[in-house]
Amino acid sequence: MQDREDALIGSRIAKLERLREKGIDPYPPRYRRSTDTASAIAEFEAWESKVSETDGEEVPAPQHSLAGRVVSMRVMGRAAFLDIRDGSGSVQAMFRQNVLGDQYELLRDLDLGDFIGVSGGMLRTRSGEVTIEAQQVTVLAKGMRPLPEKFHGLRDVEIRYRQRYLDLISDPEIMSAFTQRSKVINGIRRFLDDRGFLEVDTPILVPVAAGAHARPFDTHHNALDQRLYLRIATELYLKRLIVGGFDKVYELGRVFRNEGIDQDHNPEFSLLESYEAYADYNDVMDMVEAMISRVSQEVRGSMQIPYGEDIIDFTPPWKRVSFKEELHRRSGLDIDQHPDDASLVRAALERGVQIEAGARESRGRVLDKLLSAFVEPHLVQPTFILDYPEVMSPLAKAKPGMPGYVERFEAFAAGMEIANSYTELNDPAVQRERFEVQEHIRQAFQDEEVDRLDEDFLTALEYGMPPTGGLGIGIDRLVMLITGQSTIRDVLLFPQMRVRREERSDSDTE
RNA sequence: GGCCCGCUAGCUCAACUGGCAGAGCAACGGACUCUUAAUCCGUAGGUUCUCGGUUCGACCCCGAGGCGGGUCACCA
């Protein structure tokens, strides 16, 4: 409150009142601009080259009404230059007292950050900048708070995330990263639509949070008096649709996992899942390569993308290596030599993998840790890891001729997992057994992140699901790779932040 | 959650070993009709994140807390 007063007090309130006294509405309902600033400049430059060709013939310069935010002002007595920015770019506006007359006095009531409309003729100044000379100035929206400093911009990362609009105003590169994010998502949609996939929406509020290893957020529905969860995956609903007869479906939506926050985790994140009947994980691998390389080409104009110290090359085909063999090669550990859990834990400990004594360290978790420790850091260039142990993958179909393993791949790049895919398990009896194993592990190891049994899904499978290839892609991480951002916070417009204590309501505190 | 680092004017940053909290930009007043981070002269602006302690004296030292970042653990 105090802070708010301070920021508002001062000249801006006085200016606002002065405008009103002059009968000017500082927040008029609309303004008709003739075009945006980028188009106005392009049109003027086209006009210039036409004039030079026609050599002396009288062609009047274009007139325009342009609108935008005042981002800088250079006032020099009876003339002034203002930079006006809109979504397309910015243009310089020239104000001159002899042209504007009384309206020139408006300058005294303008601040950086205000939105104005300027109409007049386009010209090029002596110093060579395309400029609109104001014949009419309209206040469109008065800003009541000062913007971050124009030269250094906004460095305070906390403000950058809490007040992203200020970050967007001050940093064109951030705005560009978010524009690219939108293009990535749009490119994925077009890719899948072109291949005949149908985009669907499945429930976000679900009675069972199944389909992934993660702790869910829970909530309560009053009218039904029923506990509900926010979905942690879309997998089991999308497979119900395959059962229902759709051959190719996908959903690109938000999922929620009640877990830690760091450079590549946010509690809500965007997940693409797709399911294709009569396909297997080999087909899906081909599709992932094609999709990501195409999107990279579309958004960045290249399949080679600089990321940190590296250049990630998405050009297909990507390297394909088996889980078991790659782990063996990197760690010297052959997991098949350690069929019992105790022996595997010992072998992992011998190699320096940190494992808490007892709690939560099921075989699946130990295997995952081994992969993270020995293999993932080396997966800089796009790589598919194939054929995972069954205990890690309750929803994937067994690999023929390889007992204990399933047809699953994960794709990695820059050491990050970006995709996960199975030849989907469609035998309802086997699926039930797998779920029961998971339930057992969850209870035995007190591990809330282990997958849950979804009885309705099993019923669906019992009606028959065709052989199907499924896919999940973490969209935020993919956007990080394609836009070169090192933290997920810079590809999420509003990353999750802790509410400041004094702002919390009573219900927030435990 | 552990450890490390940060928090000073609206913004970007200074402030020696504990000794009067400063600068640039923004703001305000003035000069200036082709400027480009405009320039020049002047003015104002502070709960140094919060609370407590040590001290003649604390932005600085100590304790507790808040928020953020990094890192380790965990998850996609």
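Naming convention: chains lettered A, B, ... in sequence-line order (proteins, then strands); numbering from 1 in each chain.
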Side chains of [X] and [Y], donor plus acceptor under 3.5 Å:
{"X": "A/Thr487", "Y": "A/Asp490", "value": "no"}
{"X": "A/Glu424", "Y": "A/Thr468", "value": "no"}
{"X": "A/Thr234", "Y": "A/Glu273", "value": "yes"}

Phosphate-side-chain proximity, [X] and [N], N/O vs OP1/OP2 below 4.0 Å:
{"X": "A/Arg78", "N": "B/C34", "result": "no"}
{"X": "A/Arg155", "N": "B/U12", "result": "no"}
{"X": "A/Lys369", "N": "B/C75", "result": "no"}
{"X": "A/Lys150", "N": "B/A38", "result": "yes"}
{"X": "A/Arg162", "N": "B/C67", "result": "no"}

Side chain of [X] - closest among [options]:
{"X": "A/Phe151", "options": "B/G68, B/A38, B/A37", "result": "B/A37"}
{"X": "A/Glu149", "options": "B/A37, B/G68, B/G24", "result": "B/G24"}
{"X": "A/Leu112", "options": "B/C67, B/A27, B/C74", "result": "B/A27"}
{"X": "A/Val157", "options": "B/G68, B/A26, B/C34", "result": "B/G68"}
{"X": "A/Thr125", "options": "B/C13, B/U36, B/A38", "result": "B/U36"}
{"X": "A/Gln92", "options": "B/U33, B/C74, B/U35", "result": "B/U35"}
{"X": "A/Glu259", "options": "B/C75, B/C28, B/U35", "result": "B/C75"}
{"X": "A/Asp111", "options": "B/U12, B/C11, B/C28", "result": "B/C28"}
{"X": "A/Arg96", "options": "B/C11, B/C34, B/A27", "result": "B/C34"}
{"X": "A/Phe81", "options": "B/G30, B/A26, B/U35", "result": "B/U35"}

If the [atom1] atom of [N] is compared with that of [M], how far apart are they to the nearest Å?
{"N": "B/A37", "M": "B/C5", "atom1": "C1'", "result": "31 Å"}
{"N": "B/C74", "M": "B/G68", "atom1": "P", "result": "23 Å"}
{"N": "B/G19", "M": "B/C60", "atom1": "C1'", "result": "11 Å"}
{"N": "B/A23", "M": "B/C41", "atom1": "P", "result": "14 Å"}
{"N": "B/U54", "M": "B/A9", "atom1": "C1'", "result": "29 Å"}
{"N": "B/A38", "M": "B/A31", "atom1": "C1'", "result": "14 Å"}

Opposite nucleotide pairing with [N], Watson-Crick or G-U, both atom distances under 3.5 Å:
{"N": "B/C16", "result": "none"}
{"N": "B/A64", "result": "B/U50"}
{"N": "B/U43", "result": "B/A27"}

Using a heavy-atom cut-off of 4.0 Å across all strands, would you classify [X] as base, sugar-phosphate, or nothing?
{"X": "A/Phe269", "value": "base"}
{"X": "A/Met497", "value": "sugar-phosphate"}
{"X": "A/Asn258", "value": "nothing"}
{"X": "A/Asp476", "value": "nothing"}
{"X": "A/Asn98", "value": "base"}
{"X": "A/Arg489", "value": "sugar-phosphate"}
{"X": "A/Val255", "value": "nothing"}
{"X": "A/Arg160", "value": "nothing"}
{"X": "A/Leu154", "value": "sugar-phosphate"}
{"X": "A/Asp264", "value": "base"}

**Request:** Please work out whether the ring planes of A/Tyr388 and A/Phe323 are parallel, tilted or perpendicular, with thresholds of 30° and 60°.
**Result:**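 A/Tyr388 and A/Phe323: tilted rings.
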
**Asked** Would you say the side chain of A/His265 and the base of B/C75 hold a donor-acceptor pair, judged only by whether the two atoms sit under 3.5 Å apart?
**Response**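 Indeed there is one.
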
**Request:** Could you tell me whether the side chain of A/Arg74 has a donor or acceptor atom within less than 3.5 Å of a complementary atom in the base of B/U35?
**Result:**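 Side chain to base: pair found, below 3.5 Å.
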
**Message:** Does A/Arg164 qualify as a cation-pi partner of A/Phe494, given the criterion of NZ or CZ under 6.0 Å from the six-membered ring centre and within 45 degrees of its axis?
**Reply:**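 No, A/Arg164 and A/Phe494 do not form such a contact.
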
**Message:** Looking at A/Asp102, I want to see if its CG is surrounded by more than 12 non-hydrogen atoms of other residues, nucleotides or ligands under 6.0 Å.
**Reply:**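 No, not enclosed.
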
**Asked** Above 12 or not: heavy atoms from other molecules or residues under 6.0 Å from CD of A/Glu173?
**Response**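 Counting other residues, nucleotides and ligands, CD of A/Glu173 stays at 12 neighbours or fewer.
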
**Heavy-atom pair of closest approach, residues A/Ala177 and A/Thr483** =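 Looks like O-CG2, 3.9 Å.
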
**Message:** Give me the atom names and distance for the closest heavy-atom approach of A/Arg434 to A/Ala396.
**Reply:**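 A/Arg434 and A/Ala396 have their closest heavy atoms at NH1-O, 2.8 Å.
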
**Request:** Between A/Ile261 and A/Thr487, just flag the one whose closest nucleotide in RNA chain B comes earlier from the 5' side.
**Result:**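 Upstream on the strand: A/Thr487.
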
**Message:** Return whichever of A/Gly153 or A/Met94 has its heavy-atom-nearest nucleotide of RNA chain B closer to the 5' end.
**Reply:**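 The residue whose closest nucleotide sits nearer the 5' end is A/Gly153.
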
**Charged N-O contact under 4.0 Å between A/Lys22 and A/Glu105** =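 Salt bridge between A/Lys22 and A/Glu105, a charged N being under 4.0 Å from a carboxylate O: no.
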
**Item:** Contact list for RNA chain B against residues 126-137 of chain A - heavy-atom distance below 4.0 Å
**Value:**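 The stretch gives A/Arg126, A/Ser127, A/Glu129 as the residues lying under 4.0 Å from the strand, ordered by number.
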
